[in-house]
Amino acid sequence: MVDIRISGRRVTVTDAMRERVQSKISEALKVFDIKPMSCDVVLRVDKNRSNPDRRACEVTVHVRDYVVRVVSESDDMYAAIDDAADKLTRQMRKFKTRVVDRRQRATRPQSDVPPVKDLSELLEPEYIPPVDDDLLVREKYIELTPMTEEQALVQTDLLGHDFYVFQNKETGLVNVIYHRKNGGYGIIKPKIASKDGEA
């Protein structure tokens with residue numbers, strides 16, 4: 001059974017809330033049994049003018065070299081927990097399909113398996129202009145994990161982000177993979193200067 005660590009921000013985690021999290025999130029994690037796996041759940045009340053008592057349940061699951069994260073908000077904490085558990089079930093199924101099952105298929109003989117499309121066909125380098133806004137609202141430090149472009153693509157989906165910063169396993173350089181507005185993905189790579197000074 002996965003150890004679920006539960007904490008609260010601007011809210012006292014009651015025994016009833018703790019039991020609800022244990023019950024619902026444990027059920028969501030049963031999609032498949034894989035180790036190592038750890039789970040952190042943060043219950044919080046977000047204070048803002050438009051909705052001063054917005055409840056949120058944030059679930060972060062560390063499974064092997066991946067992170068699966070879901071957030072659900074509601075006026076009721078129990079509804080937020082239930083919705084987060086439903087979202088987590090879907091994300092864990094996606095993880096199982098895209099990562100675990102793919103690895104198992106890769107170990108089988110490839111004779112009758114159609115070729116997988118090369119990731120580079122889905123990615124088009126595209127310049128993203130900076131946003132004209134001089135207000136820094138958040139600063140975040142991240143750990144760069146060496147991974148392939150395909151792994152970064154999967155991680156972007158599992159986190160539900162529009163982009164993902166990672167260290168390219170093949171080049172050792174920092175890359176950014178992102179969802180394109182008109183579909184597909186893009187990747188940003190640094191341009192490396194050659195020894196004679198030409199890019």
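We use all heavy atoms of the structure for the numbers below, so side chains are in, but hydrogens, waters and symmetry mates are not. Index from 1, following the sequence.
Residues passing the side chain to side chain contact (heavy atoms under 4.5 Å, CB included) test with Ser7, sequence neighbours excluded: Val42. Under the side chain to side chain contact (heavy atoms under 4.5 Å, CB included) criterion, Thr14 pairs with Ala16, Met17, Tyr78, sequence neighbours left out. Val67 meets the side chain to side chain contact (heavy atoms under 4.5 Å, CB included) test with Thr60, His62, Gln155, Leu159; sequence neighbours excluded. Remark: Arg69 engages His161 in a side-chain hydrogen bond (donor to acceptor under 3.5 Å, both in side chains) (not counting sequence neighbours). Qualifying side chain to side chain contact (heavy atoms under 4.5 Å, CB included) partners for Gln167, counting only residues two or more places apart in sequence or in other chains: Leu144, Pro146. Under the salt bridge (Lys or Arg N to Asp or Glu O under 4.0 Å) criterion, Asp76 pairs with no residue, sequence neighbours left out. Listed by chain and number, the residues in a side-chain hydrogen bond (donor to acceptor under 3.5 Å, both in side chains) with Lys189 are Glu149 (sequence neighbours excluded). With sequence neighbours excluded, no residue satisfies side-chain hydrogen bond (donor to acceptor under 3.5 Å, both in side chains) with Arg10.
Judged purely by atom type and a 3.5 angstrom limit, Ser26 uses its side chain to pair as donor or acceptor with the backbone of Gln22.
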- Given the rule in the side chain to side chain contact (heavy atoms under 4.5 Å, CB included) test, do Arg44 and Glu73 qualify, once you have shown the distances and angles that lead to the verdict? CA-CA 9 Å; Arg44 65 176 195 260; Glu73 297 179 339; 4.2 Å; yes
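Residues Lys30 and Glu27 are paired through a salt bridge, judged by an N-O separation under 4.0 Å between the basic side chain and the carboxylate.
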Side chains of residues 82-91: which donor-acceptor partners sit under 3.5 Å, not counting sequence neighbours?
| from | atom 1 | to | atom 2 | distance (Å) |
| --- | --- | --- | --- | --- |
| Asp82 | OD1 | Arg20 | NE | 2.9 |
| Asp82 | OD2 | Arg20 | NH2 | 2.8 |
| Asp83 | OD2 | Ser72 | OG | 2.5 |
| Lys87 | NZ | Val71 | O | 2.9 |
| Thr89 | OG1 | Ala85 | O | 3.0 |
| Gln91 | NE2 | Asp157 | O | 3.2 |
| Gln91 | NE2 | Leu158 | O | 2.8 |

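By the 4.5 Å heavy-atom criterion applied to side chains, Asp75 and Arg54 are counted as neighbours. Residues Cys57 and Val41 form a side-chain contact, since some pair of their non-hydrogen atoms from C-beta on lies under 4.5 Å apart.
Within the model, atoms CG of Asn168 and CD1 of Ile187 stand 6.5 Å from one another, a figure rounded to the nearest 0.5 Å. For the atom pair CZ of Arg18 and CD1 of Ile4, the computed distance is 11.0 Å after rounding to the nearest 0.5 Å.
Considering every non-hydrogen atom in both Arg180 and Gly186, the closest pair reads CG-N, 3.6 Å. Counting all heavy atoms, side chain and backbone alike, Met92 lies closest to Met37 at CE-CE, 3.9 Å.
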